[in-house]
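Heads up: the structure comes next, in structure tokens.
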Amino acid sequence: MGVLAAVVGAFGYVATVDPNEPGHYPVCPLLRFTGIYCPGCGGLRSAHDFAHGDLAAAFGANALAVVGYGIFAVLWAVWLIREARGKPLRIGLRPAHWWAIGAVLLLFTVVRNLPFGSALAP
């Protein structure tokens with residue numbers, strides 16, 4: 001329950017403190033020094049828009065983050081259901097899973113920084 005409280009608290013904070021207004025959050029160091037969007041660039045704006053129910057704007061800011069919110073919600077629901085039934089949820093990620101996650105993050109980063117992938121840029 002602590003993780004859920006932390007996530008709700010973080011979303012609550014980002015929902016109330018607009019990341020579109022300068023000075024509230026630090027600038028991404030990779031973007032600042034290289035001009036390259038990292039996989040997290042636009043994530044705060046995405047969370048802000050998501051918390052306000054604007055899914056189109058959330059996807060526009062960081063589509064991968066919105067997919068992550070959905071995955072987190074599904075995993076949380078599955079965990080709650082299994083916990084209620086007395087069956088603990090065990091998620092065993094093997095090295096291949098971590099490599100796949102890394103590949104998706106790398107591909108997302110590369111594509112959003114290329115001209116044809118500019119729709120994925122925040």
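This chain uses plain numbering: 1 for the first residue, then up along the sequence.
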Grouping I, L, V, M, F, W and Y whenever their side-chain heavy atoms are under 4.5 Å apart, do [X] and [Y] come out in a common cluster?
| X | Y | value |
| --- | --- | --- |
| L89 | V74 | yes |
| I101 | V111 | yes |
| L75 | L64 | yes |
| V110 | I36 | no |
| Y25 | F50 | no |

From [atom1] ([X]) to [atom2] ([Y]), nearest 0.5 Å:
| X | Y | atom1 | atom2 | result |
| --- | --- | --- | --- | --- |
| I81 | W76 | CD1 | CH2 | 13.0 Å |
| N113 | L30 | CG | CG | 8.0 Å |
| L31 | Y37 | CG | OH | 6.0 Å |

Just by modelled atom types, is the [Y] backbone N or O under 3.5 Å from a matching donor or acceptor in the [X] side chain?
| X | Y | answer |
| --- | --- | --- |
| H48 | P19 | no |
| R82 | P88 | yes |
| N62 | P122 | no |
| T109 | L105 | yes |
| H97 | R94 | yes |
| R112 | L120 | yes |
| Y69 | A47 | yes |

Beyond-backbone contact of W99 with V104, side-chain heavy atoms, under 4.5 angstrom: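 W99 does not reach V104 side chain to side chain.
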